[in-house]
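To start, the structure under review is shown below, and the notes come after it.
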Amino acid sequence: MNQMTNNRPKIIEFDEGWDFVQKGITKLKKILEGLPEPQFTSEERMSLYMTIYNMCTQKPPHDYSQELYVKYRECFEEYIASTVIPSLSEKHGELMLREFVIRWSNVKIMGDKLSRFFHYLDRYYIARRYLPPCNKVGLICFRNLVYKHMKGNVTGAVLSLINREREGEQIDQVLLKNVLDIFVEIGMNYYEIDFEEAMLKDTAAFYSHKASIWILNNSCPDYMLKARECLKQEKERVSHYLQPSTELKLLEKVQQEFSSVVTGHSAQLLEKMHLEDSCDDMVDDFVVV
């Protein structure tokens, strides 16, 4: 790619240059997929960088900066369509969540590696046009092509694991944190709208059901102790894998459900209060902690 003609650099036609760059991209994809492929040598990295540099600095009509940027985005779209989506569509539940995390990580790595080869394009063509930088293009493609279509399934799988934990089962909290961190990296508003709102609604349903059973089958002090223990567990849940901004909303939702059930069973509760002297004080003391 660095041949000289009459002491001048040889013009690199687009198809010729892109064919060379595409071979480097294919090599990176194989490495990401764990296929038998040697790592890039320093010579290969430099050759890729210089090819892209020359294609961006040739005089018009041979300045291919715009075309390279379009092709750069298309290589992520192709990778997602041919590899990422099929790998996710065949998995469900916890296995799907694990694959979701792996695929997000691979797209991030791919963007990080390729952006080094396309550094000159990033520094001049992209910066002057206020376009998304190379290391963000893949993440935007992932958001548009993967996340937006899978967010419901991902959220549902996360909520299922959270409820299993509420029932006393040990779950992979690190996995949940990694999944929810993806929501946040894509954008805090996505976390709040696509996950947090559904989680709070699901939380209300879970504790409404539990509280309705507990208030009938437990003494008043035991009911209030269960409520406080649930608040404590939800606070711990925030520290393990939810966002700090979720804590107050979550605790208020839990308290609201326990209080609503108390209101709905006021007759039964009043009868218990006559039998249990300590219950009156405990109801007064029931606050978010």
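Throughout, residue positions are numbered sequentially from 1 according to the sequence presented. What's counted below: heavy atoms across the whole structure, side chains too, no hydrogens, waters or symmetry copies.
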| Side chains of Leu175 and Tyr241: closer than 4.5 Å at any heavy-atom pair? | no

| Check against salt bridge (charged side-chain N to carboxylate O under 4.0 Å, His left out), Glu94 and Arg98 | CA-CA 6 Å; Glu94 190 169 341; Arg98 293 187 187 282; 2.8 Å; yes

| task | Start with the C-alpha distance between Glu90 and Met96, add both sets of side-chain angles, then the distance that settles side chain to side chain contact (heavy atoms under 4.5 Å, CB included), and finish with yes or no. | result | CA-CA 8 Å; Glu90 62 189 21; Met96 180 264 292; over 6 Å; no

| Is the backbone N or O of Asp172 less than 3.5 Å from a side-chain atom of Lys177, with the two atoms forming a donor-acceptor pair by type? | no

| Phe100 and Phe183 aromatic ring geometry - parallel, tilted or perpendicular at 30°/60° bounds | tilted

| Sub-4.5 Å side-chain heavy-atom contact between His62 and Ile12 | no

| query | Would you say Phe195 and Leu159 make side-chain contact, with heavy atoms under 4.5 Å? | reply | yes

| query | Val158, Ile102: one ILVMFWY side-chain cluster at the under-4.5 Å cut-off? | reply | no

| query | Could you give the distance from NZ (Lys235) to CG (Leu242), rounded to the nearest 0.5 Å? | reply | 14.0 Å

| Is Ile85 close to Tyr79 at the side-chain level, that is, under 4.5 Å between some pair of heavy atoms? | no

| Should Thr41 and Glu43 count as side-chain neighbours, where that means a heavy-atom distance under 4.5 Å? | yes

| said: Run the side chain to side chain contact (heavy atoms under 4.5 Å, CB included) test on Lys10 and Glu16 for me, step by step, so that the C-alpha distance in whole Å, both residues' side-chain angles and the decisive distance to 0.1 Å come before the verdict. | reply: CA-CA 12 Å; Lys10 176 183 177 291; Glu16 175 193 8; 3.2 Å; yes

| said: For Trp214, run the side-chain contact (heavy atoms from CB on, under 4.5 Å) check against Met224, His209, Lys226 and tell me which one passes. | reply: Lys226

| Looking at residues at least two apart in the chain, or sitting in another chain, which of them share a salt bridge (Lys or Arg N to Asp or Glu O under 4.0 Å) with Arg237? | Glu165, Glu234

| message | If you count heavy atoms of other groups shown closer than 6.0 angstrom to CE of Met188, is the number above 12? | response | yes

| task | Would you mind listing every salt bridge (charged side-chain N to carboxylate O under 4.0 Å, His left out) that reaches into residues 103-114, with sequence neighbours excluded? | result | Glu33-Arg103, Glu99-Arg103, Lys108-Glu185, Asp112-Arg116

| message | Parallel, tilted or perpendicular: which one describes the rings of Phe258 and Tyr223, with boundaries at 30° and 60°? | response | perpendicular

| task | Start with the C-alpha distance between Leu97 and Leu161, add both sets of side-chain angles, then the distance that settles side chain to side chain contact (heavy atoms under 4.5 Å, CB included), and finish with yes or no. | result | CA-CA 11 Å; Leu97 293 181; Leu161 286 175; 3.7 Å; yes

| query | Going by an N to O cut-off under 4.0 Å, is there a salt bridge joining Glu167 and Lys210? | reply | yes

| request: Answer with yes or no whether the hydrophobic clustering places Val184 together with Ile193; edges join I, L, V, M, F, W, Y residues whose side-chain heavy atoms lie under 4.5 Å apart. | output: no

| message | Centre-to-centre under 6.0 Å for Tyr120 and Tyr53, is that the case here? | response | yes

| field | Distance in Å, Leu32 CG paired with Lys30 NZ, rounded so as to fall on 0.5 Å steps | value | 12.5 Å

| request: Considering non-hydrogen atoms only, spot the tightest contact between Glu257 and Ser208 and give its length. | output: OE1-CB, 3.3 Å

| Which atom of Arg164 lies closest to which atom of Glu169, heavy atoms considered | NH2-OE2, 2.6 Å

| task | Establish whether Ile109 and Phe118 are linked, either directly or via other cluster members, by ILVMFWY side-chain heavy-atom contacts under 4.5 Å. | result | yes

| field | Hydrophobic cluster membership, Val174 vs Ile182, 4.5 Å side-chain cutoff | value | no

| query | Given side chains that start at C-beta, do those of Thr246 and Tyr191 come closer than 4.5 Å, heavy atoms only? | reply | yes

| Going by atom types only, do Glu252 and Gln256 share a side-chain donor-acceptor pair under 3.5 Å? | no

| message | Please determine whether a side-chain nitrogen of the Lys or Arg among Lys59 and Asp63 lies less than 4.0 Å from a carboxylate oxygen of the Asp or Glu. | response | no

| field | Within 6.0 Å of NZ in Lys23, more than 12 heavy atoms from elsewhere | value | no

| field | Ile215 versus Ser212, closest heavy-atom pair with distance | value | CG2-O, 3.6 Å

| field | Check against side chain to side chain contact (heavy atoms under 4.5 Å, CB included), Phe117 and Ile25 | value | CA-CA 10 Å; Phe117 301 146; Ile25 294 174; over 6 Å; no

| message | Applying ring pair (Phe, Tyr, Trp, His ring centres under 6.0 Å) to Tyr69 and Tyr64, what does each step give before you reach the verdict? | response | CA-CA 9 Å; Tyr69 187 69; Tyr64 297 118; over 10 Å; no

| query | Which pair of non-hydrogen atoms, one from Ala204 and one from Lys253, has the smallest distance, and what is that distance? | reply | CB-CD, 3.6 Å

| Lys91 (side chain) donor-acceptor with Ser87 (main chain) under 3.5 angstrom | yes

| How long is the gap from CD on Glu197 to OG1 on Thr155, to the nearest 0.5 Å? | 11.0 Å

| query | Within a radius of less than 6.0 Å around CD of Gln170, do more than 12 heavy atoms belonging to other residues, nucleotides or ligands occur? | reply | no

| query | Atom CD of Glu196 and atom OG1 of Thr203: how far apart are they, to the nearest 0.5 Å? | reply | 10.0 Å

| request: Decide, yes or no, whether a salt bridge links Lys71 with Glu78 under the criterion of side-chain N to carboxylate O below 4.0 Å. | output: no

| message | Using only atom types and a distance under 3.5 Å, with no angle test, would you say the side chain of Ser115 pairs donor to acceptor with the backbone of Gly111? | response | yes

| Close side-chain approach of Gln243 and Asp181, heavy atoms under 4.5 Å | yes

| query | With side chains defined as the heavy atoms from C-beta onward, is the minimum distance between Phe76 and Leu114 less than 4.5 Å? | reply | yes

For residues 124-144, run the donor-acceptor check on the side chains, cut-off 3.5 Å, and write out each pair with its distance to 0.1 Å, sequence neighbours left out.
{"unit_1": "Arg129", "atom_1": "NH1", "unit_2": "Tyr125", "atom_2": "O", "d": "3.2"}
{"unit_1": "Asn144", "atom_1": "ND2", "unit_2": "Ile140", "atom_2": "O", "d": "3.4"}

| said: Nearest 0.5 Å, please: how far is OG in Ser47 from CE in Met50? | reply: 9.0 Å

| task | Indicate, with yes or no, if the rings of Tyr190 and Tyr147 have centres closer together than 6.0 Å. | result | yes

| For the atom pair SG (Cys56) and CD (Glu67), what is the distance rounded to the nearest 0.5 Å? | 9.5 Å

| said: Tell me if a side-chain donor or acceptor on Asn217 pairs with a main-chain N or O of Ile213 at a distance below 3.5 Å. | reply: yes

